[in-house]
Amino acid sequence: MTISSSIKIFKRGLIAVFCTLAFSCSSDDNRINNPNINPLSFSIDLNTNFPEYSKLQFPGNAIYVPNAGVRGIFVINTGSSIRAWEATDPNHVPNSCSTMNLNGVEANCSCEDNRYTLYTGQDLNQELPYTLIEYRVSENGNNIIISN
C-alpha cells in the first residue's frame with residue numbers, strides 16, 4: 001500500500017467519523033417537545049451553604065424549589081451529578097392539582113397518581129408518554145445554577 005492510498009483511506013475514515021458525529025448529536029434546545037407544558041425562560045442560583053439548599057451537598061437528597069419553572073422545580077443530588085426537573089406533571093396540562101409532591105427521591109402527582117423517579121425522570125410504571133422535563137444545571141463551587 002502506498003502512502004498516497006493510505007492518506008486517501010485516512011481522509012475517507014475521517015469524513016465518515018465526522019458525518020457520524022455531526023448527524024448523531026443534537027442540541028438540548030429541542031429537548032422539550034411536550035405539548036402539555038410551555039417552557040419558560042428562567043435562571044436560579046442555589047447556594048448549598050444556605051440551610052434551605054444544604055441537603056444538596058449529599059447524594060440521595062432532593063428538594064423542591066418554588067418560584068422557578070412552571071410550578072417550581074425538583075433538584076436532586078444523584079451522587080454523580082445534580083439534576084433539576086419541572087415540578088408539574090408532564091402528562092397533563094397544568095391545573096390546580098398538577099404540581100407534584102416530593103416524596104424522598106420521587107415526584108408524585110395527586111391528580112392522577114403518576115409517580116416519577118428524580119434520578120432519571122421516568123415514570124415508575126414506564127407506561128406514560130412523557131418523562132419529567134429536565135432543566136440545565138451547572139455547578140460553580142457551592143453554587144448550583146439551574147436554567148432553561
Side-chain angles (χ1 to χ4, degrees), residues 9-148:
I9 292 172
F10 179 74
K11 285 182 180 179
R12 287 182 186 156
L14 269 173
I15 291 170
V17 168
F18 174 76
C19 289
T20 301
L21 290 174
F23 293 112
S24 65
C25 297
S26 64
S27 167
D28 69 348
D29 288 335
N30 295 324
R31 73 194 189 292
I32 300 174
N33 59 1
N34 185 320
N36 296 321
I37 301 172
N38 292 324
L40 297 175
S41 294
F42 73 93
S43 180
I44 188 167
D45 187 358
L46 310 179
N47 186 330
T48 59
N49 288 329
F50 294 161
E52 60 266 32
Y53 309 126
S54 64
K55 289 175 64 174
L56 294 174
Q57 295 176 6
F58 307 101
N61 285 327
I63 64 168
Y64 170 72
V65 180
N67 304 320
V70 177
R71 301 270 186 191
I73 56 177
F74 296 120
V75 185
I76 185 171
N77 180 338
T78 67
S80 60
S81 65
I82 301 290
R83 297 186 85 174
W85 309 97
E86 173 56 46
T88 193
D89 191 326
N91 286 290
H92 57 84
V93 176
N95 60 37
S96 62
C97 73
S98 65
T99 302
M100 294 185 286
N101 300 308
L102 181 62
N103 185 12
V105 295
E106 293 179 8
N108 303 312
C109 180
S110 62
C111 299
E112 301 182 20
D113 293 327
N114 295 338
R115 294 178 31 229
Y116 305 85
T117 175
L118 296 179
Y119 283 97
T120 64
Q122 294 287 323
D123 70 281
L124 292 173
N125 294 326
Q126 301 212 353
E127 59 188 33
L128 296 173
Y130 299 105
T131 61
L132 293 178
I133 294 176
E134 188 166 18
Y135 293 122
R136 292 180 193 94
V137 175
S138 61
E139 296 178 69
N140 184 7
N142 291 328
N143 291 320
I144 299 169
I145 299 98
I146 302 167
S147 63
N148 187 31

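Annotation: ring pair (Phe, Tyr, Trp, His ring centres under 6.0 Å) contacts of Tyr64 (sequence neighbours excluded): Phe74. For Ser98, the side-chain hydrogen bond (donor to acceptor under 3.5 Å, both in side chains) partners are Thr88, not counting sequence neighbours.
Summarising the geometry of Ile146 relative to Phe42, their closest heavy-atom pair is O-CE1, 3.8 Å, with the distance given to 0.1 Å. Closest non-hydrogen pair, Pro90 versus Asn36, comes out as O-ND2, 3.0 Å. Between Val75 and Ile82, the closest heavy-atom pair is CG1-CG2, 3.6 Å. Minimum heavy-atom separation, Ala68 to Ile44: CB-CD1, 4.2 Å. Across every non-hydrogen atom of Trp85 and Ile76, the tightest pair is NE1-CG2, 4.2 Å.
Counting heavy atoms from C-beta outward, Val137 and Ile144 have side chains that approach closer than 4.5 Å. Looking only at side-chain heavy atoms (C-beta outward), Leu118 and Leu102 come within less than 4.5 Å of each other.
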Exercise. Run the numbers on Thr48 and Ser54 for side chain to side chain contact (heavy atoms under 4.5 Å, CB included), then give the verdict.
Key: CA-CA 4 Å; Thr48 59; Ser54 64; 5.7 Å; no

Quiz item: side chain to side chain contact (heavy atoms under 4.5 Å, CB included) between Gln122 and Thr131: does it pass, once the steps are laid out?
Solution: CA-CA 5 Å; Gln122 294 287 323; Thr131 61; 3.2 Å; yes

Practice problem: Give the C-alpha distance, both sets of side-chain angles, the deciding distance and a yes or no for side chain to side chain contact (heavy atoms under 4.5 Å, CB included) between Leu46 and Asn143. | Solution: CA-CA 6 Å; Leu46 310 179; Asn143 291 320; over 6 Å; no

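Residue pairs meeting the salt bridge (charged side-chain N to carboxylate O under 4.0 Å, His left out) criterion with at least one partner in residues 73-86, sequence neighbours excluded, are Arg83-Glu134. Every pair passing salt bridge (charged side-chain N to carboxylate O under 4.0 Å, His left out) that includes a residue from residues 102-119 is listed here, sequence neighbours excluded: Glu106-Arg115. Note on residues 107-148: pairs passing disulfide (SG to SG under 2.5 Å), not counting sequence neighbours, are Cys97-Cys111. Identified under the salt bridge (charged side-chain N to carboxylate O under 4.0 Å, His left out) test for residues 52-77, with sequence neighbours left out: none.
More than 12 heavy atoms of other residues, nucleotides or ligands sit less than 6.0 Å from atom CG of Asn95.
In the model, Asn142 has a side-chain atom that pairs as donor or acceptor with a side-chain atom of Asn49 under 3.5 Å. A donor atom on one side chain and an acceptor atom on the other are not found under 3.5 Å apart for Tyr53 and Asp45.
Asn61 CG to Thr78 OG1: the interatomic distance, rounded to the nearest 0.5 Å, is 11.5 Å. With rounding to the nearest 0.5 angstrom, the OG atom of Ser41 is 6.0 Å from the CG atom of Asn148. From Ser80, atom OG reaches atom OH of Tyr119 across 9.5 Å, with rounding to the nearest 0.5 Å. Here Leu132 contributes atom CG and Ile73 contributes atom CD1; the two are 12.5 Å apart, rounded to the nearest 0.5 Å. Between Tyr116 atom OH and Asp89 atom CG the span is 3.5 Å, to the nearest 0.5 Å. If you take CD1 on Ile37 and CG on Leu40, they are separated by 10.0 Å, rounding to the nearest 0.5 Å.
The backbone N or O of Glu127 lies less than 3.5 Å from no partner atom in the side chain of Asn125, so there is not a single donor-acceptor pair.
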